[in-house]
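In what follows, a structure is listed as structure tokens, so that the remarks can point back to it.
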Amino acid sequence: MARDRRKAILEGAARLIARRGVRGLRMEELAAEAGVSTALIYYHFKDRAGALRHTLEFISDRAERYTSDGDFTAEPHDARHELEQSLLLEFQDTPEVRENSTAWGELRASAIFEPELRGDLASATLAWIHEVAALLGRIQPTAAAPALTASAERLTGLLEGLSTRWLSGALPLSHARRLVKEAVSIEIQHLSH
């Protein structure tokens with residue numbers, strides 16, 4: 001029961017952040033969205049900063065789930081396909097992905113003004129970079145670790161920028177996906193030298 005309420009609070013926080021942003025997030029509003037008392041939010045998360053940190057973790061875990069649920073069984077040894085799919089699955093026109101991507105972008109932007117978010121955001125970003133670098137390493141096993149990390153940083157940074165443009169209506173989804181595929185090709189070629 002407690003786990004269900006905690007999840008409802010985190011889902012509510014992700015929805016509110018995606019709809020209104022971080023700066024306007026109030027615990028009373030979150031309680032109403034999640035259908036719980038404000039006291040329960042403070043019990044689980046101690047304060048607003050704690051709720052934001054846990055929401056960041058929640059949306060990172062959710063993104064990990066929907067970007068790794070792809071069907072990689074057709075060609076289990078095709079690391080390039082797995083890399084492309086894990087990145088392209090960030091661009092799904094579904095409510096969950098839109099909400100998650102919007103909340104992630106909002107939390108990243110808010111870290112400029114809310115220093116308590118920076119450490120957790122940096123950790124989540126670094127974990128993502130390492131996952132992408134590991135996939136690149138399977139594609140180009142002779143590439144040096146710093147080169148793999150640099151390529152992963154470029155790809156994940158590009159993904160965040162393209163996501164913002166897509167979500168704001170400045171970039172069609174199909175074009176964003178095409179740009180991601182081109183970027184993967186460029187990075188793989190770069191690593192082969």
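Note that these values count all heavy atoms, side chains included, but never hydrogens, waters or copies made by symmetry.
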Stepwise side-chain hydrogen bond (donor to acceptor under 3.5 Å, both in side chains) check, H54 with R6: CA-CA 10 Å; H54 286 278; R6 182 180 173 88; 3.1 Å; yes
Stepwise side-chain hydrogen bond (donor to acceptor under 3.5 Å, both in side chains) check, R108 with T125: CA-CA 10 Å; R108 175 162 302 288; T125 301; 2.5 Å; yes
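Summarising the geometry of T102 relative to A18, their closest heavy-atom pair is CG2-O, 3.3 Å, with the distance given to 0.1 Å. Nearest heavy atoms, A8 versus A34: O-CB, 3.6 Å. In terms of heavy-atom proximity, A111 sits nearest to L121 at CB-CD2, 3.7 Å. Nearest heavy-atom pair across F113 and P115 is O-CD, 3.4 Å. What you find for A13 and L30 is that their closest heavy atoms are N-CD1, 3.3 Å.
For R23, the CZ atom sits in a loose shell: 12 or fewer heavy atoms of surrounding residues, nucleotides or ligands are nearer than 6.0 Å.
With hydrophobic clusters built from ILVMFWY side chains whose heavy atoms lie under 4.5 angstrom apart, Y66 does not share a cluster with I59. Hydrophobic clustering places I41 together with L56 (ILVMFWY residues linked when any side-chain heavy atoms are closer than 4.5 Å, directly or through intermediates). Taken together through direct or relayed side-chain contacts under 4.5 Å among Ile, Leu, Val, Met, Phe, Trp and Tyr, L10 and L25 form part of one hydrophobic cluster. Linking Ile, Leu, Val, Met, Phe, Trp and Tyr residues whenever their side-chain heavy atoms come within less than 4.5 Å leaves L155 and I129 in two separate clusters.
Here T67 contributes atom OG1 and F91 contributes atom CZ; the two are 12.0 Å apart, rounded to the nearest 0.5 Å. A distance of 11.0 Å separates CD of E11 from OG1 of T55, quoted to the nearest 0.5 Å. Here the CZ-CG distance, from R80 to L136, works out to 10.5 Å after rounding to the nearest 0.5 Å. For the atom pair L126 CG and E131 CD, the distance stands at 10.0 Å (nearest 0.5 Å). The line from CG of L107 to CD1 of I17 is 4.5 Å long, rounded to the nearest 0.5 Å. Atom NE2 of residue H130 and atom OG1 of residue T156 lie 10.5 Å apart, to the nearest 0.5 angstrom.
Between the side chain of E187 and the backbone N or O of V184, no donor-acceptor pair lies under 3.5 Å. Panel note: side chain R154, backbone A183; no donor-acceptor pair is recorded below 3.5 Å. The backbone N or O of L83 lies less than 3.5 Å from a partner atom in the side chain of S86, making a donor-acceptor pair.
Counting heavy atoms from C-beta on, the side chains of S60 and E57 never come closer than 4.5 Å. In this structure, the side chains of L40 and Y43 come closer than 4.5 Å at one or more pairs of heavy atoms. By the 4.5 Å heavy-atom criterion applied to side chains, Q140 and I188 are counted as neighbours. Side-chain contact between S163 and E90 is absent, with no heavy atoms from C-beta onward closer than 4.5 Å.
E182 has no carboxylate O lying under 4.0 Å from a charged side-chain N of R178, or vice versa, which leaves the two without a salt bridge. Between E99 and R15, none of the side-chain N atoms (NZ, or NE/NH1/NH2) sits under 4.0 Å from a carboxylate O, so this pair counts as no salt bridge. A salt bridge does not link E33 with R26: none of the charged nitrogens is closer than 4.0 Å to a carboxylate oxygen. A salt bridge is defined here as a Lys NZ or Arg NE, NH1 or NH2 lying under 4.0 Å from an Asp or Glu carboxylate O, and R165 with E160 fails to meet this definition. For E114 and R53, the salt-bridge test fails: no basic side-chain N is under 4.0 Å from an acidic carboxylate O.
Under the 30°/60° scheme for interplanar angles, the aromatic rings of W128 and W104 are found to stand perpendicular.
A cation-pi arrangement is found for R98 relative to W166, the charged atom lying closer than 6.0 Å to the ring centre and inside a 45° cone about the ring normal.
The side chain to side chain contact (heavy atoms under 4.5 Å, CB included) test with L162 singles out one residue from L87, L179, L173, and that residue is L179.
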